[in-house]
Amino acid sequence: MLKLRAYAKINLGLRILGERDDGYHDLETVFHRIDLFDELELEPSDGISMQCVPEGLPTDERNLCVRAALLLRECLRGEDGVKILLRKNIPAGAGLGGGSSDAAATLLGLVRLWRADIPFRQILGLALKLGSDVPYFLREGSACATGRGEILEYIHLEVPYWIVVVYPGIPVSTAWAYKHLKSASVPAAPAGVVPRASLGDAVRRDMHELRNLNGHLKNDFEPLVFGAHERVERARRALHEAGAGAVHLSGSGSALYGLFTGEEEARAAAAILERDSFVSVTPAHFEPSFQPVEL
C-alpha cells in the first residue's frame with residue numbers, strides 16, 4: 001500500500017491573455033503549493049475502485065483519480081487494479097487545484113505501485129488529458145505557467161509571508177468562470193507592442209517588497225467573481241481588515257489568499273475568519289515534500 005499527499009496550490013497572479021482557436025484560453029500564472037493537502041491510499045486490487053472520506057464525492061469515472069487509473073492502465077495495456085481511498089481536505093470548486101493534485105498523485109503513485117516502466121513524457125501526456133492544471137502537480141516546486149497552463153517553468157520560490165487561505169463556501173465552476181469572462185478578460189498585446197514583463201520574473205524580483213508584489217498578483221477573474229458573489233467580496237474585505245498586505249483570488253475562485261508578514265497577525269486573522277469559512281494557514285518559507293510512503 002502507498003500513502004501520498006496531494007497538496008493544494010494558489011495562483012500568484014493570473015493573467016488571461018485571450019481565447020484560443022481550440023476554445024481554451026491562453027494565460028499566465030505562477031503556481032505555488034500551500035500547506036493544505038488531500039490524502040490518498042493506494043492498495044493493489046483485482047479491479048479499480050474508490051472510496052471517499054467524507055462521502056458525497058463521485059467514486060466512478062467522474063472522479064479524476066479513477067480516470068487517471070483507467071488511463072494509465074490502458075496506456076500500459078495491463079490488467080492491474082487498485083483500491084483508492086481519498087481523504088478529502090481541499091474544498092472542491094475553490095480554485096485550489098484539489099482534483100488536479102489528486103489526479104497527479106494517483107498517476108505517480110500507480111506508476112510505483114504497478115512497477116510501470118513508462119517514460120515521464122508519457123505520464124505528462126496522460127496528465128494533460130485529465131486537465132490543464134494536472135501536469136503541474138507531477139513535480140515539486142513552484143512553476144511559471146503559460147499556454148492553457150500546461151507550459152511550465154519550475155522555479156524555486158521562497159515565499160517569506162504567512163499565507164491565510166479563506167474559502168467562503170461558494171464553489172465556482174471553472175467552466176462558468178471562463179464562460180462569463182468577457183468583461184474581465186485581458187486581450188493579447190497587439191503586434192508590434194512590447195509585451196509586459198514576465199509574471200514569473202516580476203514575482204521573483206519583488207517577492208520581498210510586498211507593496212510592489214501586490215501589484216503583480218492581480219487575478220483577471222476577480223471582477224467577475226467579486227461581482228457575482230457578495231460572500232467572496234466580504235471575505236476579501238475581512239482579510240484586508242485583519243491586516244493582510246495583499247489579498248487575491250486563487251484560480252477562478254472562490255478561495256482567497258492573504259499574505260501576512262507575521263505569524264501572530266496570520267493566526268489572529270484565521271481565528272476570526274474560521275467562524276464562518278474554511279481557513280487554512282501556511283507558514284512562511286513553506287516547502288512541502290510529497291514523496292509516497294510505502295506501508
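What you are looking at is a predicted structure, and each value in this text was computed from that prediction instead of being measured.
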Can a salt bridge be assigned to the pair [X] and [Y] using a cut-off of 4.0 Å between side-chain N and carboxylate O?
{"X": "R15", "Y": "D220", "value": "no"}
{"X": "R236", "Y": "E241", "value": "no"}
{"X": "E233", "Y": "R237", "value": "yes"}

Can you give me the closest heavy-atom contact between A255 and V165, atom names plus distance?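 So the two residues come closest at CB-CG1, 4.2 Å.
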Where do V134 and A103 come nearest, in terms of heavy atoms and distance?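 The pair with the smallest heavy-atom distance is CG1-CB, 4.2 Å.
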According to a 4.5 Å side-chain heavy-atom criterion applied to Ile, Leu, Val, Met, Phe, Trp and Tyr, with indirect links allowed, do L138 and L130 form part of one hydrophobic cluster?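 Yes, one cluster joins them.
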Mind listing the side-chain donor-acceptor pairs of residues 270-285 below 3.5 Å, one per line with the distance, residues two or more places apart or on another chain?
unit_1 : atom_1 : unit_2 : atom_2 : d
T282   : OG1    : D35    : N      : 2.8
H285   : ND1    : E158   : OE2    : 2.9

Decide whether a cation-pi geometry holds between R33 and F286; the criteria are a distance under 6.0 Å from NZ or CZ to the six-membered ring centre and an angle within 45° of the ring axis.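 Relative to the ring axis of F286, which defines the angle, R33 lies outside at least one limit.
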Give a yes or no answer on whether the side chain of [X] reaches the backbone of [Y] with a donor-acceptor pair at less than 3.5 Å.
{"X": "N212", "Y": "D206", "result": "no"}
{"X": "Y257", "Y": "A246", "result": "no"}
{"X": "D26", "Y": "L17", "result": "no"}
{"X": "D38", "Y": "D102", "result": "no"}

Between Y7 and F137 (judged by ring centroids, cut-off 6.0 Å), do the two rings come close enough to count as a pair?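 Judged by ring-centre distance (under 6.0 Å), Y7 and F137 do not meet the cut-off.
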Which residues pass the side chain to side chain donor-acceptor pair (under 3.5 Å) test with S254, sequence neighbours left out?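 S254: no side chain to side chain donor-acceptor pair (under 3.5 Å) contacts found.
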Show me, pair by pair, the donor-acceptor contacts under 3.5 angstrom made by side chains of residues 67-80, not counting sequence neighbours?
unit_1 : atom_1 : unit_2 : atom_2 : d
R73    : NH1    : D80    : O      : 3.3

Between N214 and H248, do the side chains contain a donor N or O and an acceptor N or O under 3.5 Å apart?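 Side chains of H248 and N214: pair found under 3.5 Å.
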